[in-house]
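We use all heavy atoms of the structure for the numbers below, so side chains are in, but hydrogens, waters and symmetry mates are not. Start at 1 with the first residue, then count along the sequence.
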Amino acid sequence: MRKVIAAINMTVDGNCDHTAGLPDDAIHDHYTNLLHEGGVILYGRKTFQLMEFWPPLVKNPTGNKSLDDFAVAIDNIPKIVFSHTLKNISWETAKLADDTPENTVAALKQQAGKDIYIGSRSLIIHLLQLNLIDELQLCIHAVVTSGGLPLAENLQDRKLVTLLRTKTFSSGAVILYYAPAKV
């Protein structure tokens, strides 16, 4: 059965704003490899629209290998977008969801294939509340910000997790890998 993996970048103070982190080549390389291992990534509208930054880099590479490789990887992985306002999507490897996140995840988990990634804060919160996340990958960037969007905003119940492993980058960023605790 496919795993549902929530992967998100955040700051030391828990800000999940996409622009708050400081990704370097090593972090882009990490996520490029992660995308190669995945079968599909699920986005909400806001994060999907932020990710639309990448397709132009496939046609017009920057010359920075890690950025260009990430652009190709994010372009290639199938994407499902949950939105009440978008009516169509021009990104060739993306499609609008035709069901709820929980029904979509349940159907995807039953299919053969690579892991299912959740790349939007709002979807992570929603699926955490429903106990549909198999693994959390929190990339904590070595920066403190003021304000921003907390990961677990409005989470109804406390969720216990078990640390599986860590990965440290020379930039000071750390990825914490957690699984839901078995209680």
Tell me the closest heavy-atom pair linking [X] and [Y], and the distance in Å.
| X | Y | value |
| --- | --- | --- |
| Phe48 | Leu86 | CD2-CD1, 4.3 Å |
| Ile74 | Trp91 | O-CZ2, 3.7 Å |
| Ile89 | Lys95 | CD1-C, 4.0 Å |
| Leu96 | Ser83 | CD2-CB, 4.4 Å |
| Tyr117 | Leu34 | OH-O, 2.8 Å |
| Asp68 | Gly63 | OD2-N, 2.9 Å |

Rounded to the nearest 0.5 Å, what separation is found between the [atom1] atom of [X] and the [atom2] atom of [Y]?
| X | Y | atom1 | atom2 | result |
| --- | --- | --- | --- | --- |
| Asn131 | Leu128 | CG | CG | 8.0 Å |
| Leu67 | Asp24 | CG | CG | 10.0 Å |
| Ile133 | Ile116 | CD1 | CD1 | 10.0 Å |
| Leu35 | Lys114 | CG | NZ | 10.5 Å |
| Ile118 | Leu123 | CD1 | CG | 6.0 Å |
| Asp75 | Met51 | CG | CE | 11.0 Å |

Side chains of [X] and [Y]: closer than 4.5 Å at any heavy-atom pair?
| X | Y | result |
| --- | --- | --- |
| Ile8 | Leu151 | yes |
| Ile5 | Leu136 | no |
| Leu57 | Asn60 | no |

query: Would Met10 and His141 count as a side chain to side chain contact (heavy atoms under 4.5 Å, CB included) if you check the C-alpha gap in whole Å, the side-chain angles of each, and the deciding distance to 0.1 Å?
result: CA-CA 6 Å; Met10 56 197 317; His141 291 265; over 6 Å; no
Under 3.5 Å: donor-acceptor pair, side chain of [X], backbone of [Y]:
| X | Y | answer |
| --- | --- | --- |
| Lys46 | Ser122 | no |
| Thr32 | His28 | yes |
| Arg121 | Pro150 | yes |
| Ser120 | Gly44 | yes |
| Lys79 | Ile77 | yes |

Could you see if [X] belongs to whatever hydrophobic cluster contains [Y]? Use Ile, Leu, Val, Met, Phe, Trp, Tyr and a side-chain cutoff under 4.5 Å.
| X | Y | result |
| --- | --- | --- |
| Leu132 | Met1 | no |
| Phe53 | Tyr31 | yes |
| Leu138 | Val12 | yes |
| Leu149 | Tyr43 | no |

- prompt: Which is it for Thr85 and Arg45 under the side chain to side chain contact (heavy atoms under 4.5 Å, CB included) test, yes or no, and what are the steps along the way?
  reply: CA-CA 8 Å; Thr85 57; Arg45 178 192 56 82; 3.1 Å; yes
message: Can you tell me which residue among Asn9, Asn15, Asp13 is in a side chain to side chain donor-acceptor pair (under 3.5 Å) with Thr11?
response: Asp13
query: Only one of Asn64, Thr62, Asp69 forms a side chain to side chain donor-acceptor pair (under 3.5 Å) with Ser66, so which one is it?
result: Asn64
Donor-acceptor pairs under 3.5 angstrom involving side-chain atoms of residues 167-178: please list them, not counting sequence neighbours.
unit_1	atom_1	unit_2	atom_2	d
Lys167	NZ	His30	ND1	3.0
Ser171	OG	Ala173	N	3.3

With a cut-off of 3.5 Å and sequence neighbours excluded, list every side-chain donor-acceptor pair involving residues 98-108.
unit_1	atom_1	unit_2	atom_2	d
Asp99	OD1	Asn103	ND2	3.1
Thr100	OG1	Asn103	N	3.1
Thr100	OG1	Asn103	ND2	3.3
Glu102	OE1	His126	NE2	2.7
Thr104	OG1	Thr100	O	2.8

task: Could you label the plane-to-plane angle of the Phe70 and Trp54 rings as parallel, tilted or perpendicular, counting under 30° as parallel and over 60° as perpendicular?
output: perpendicular
Under-4.0 Å salt bridge between Asp134 and Lys109: yes
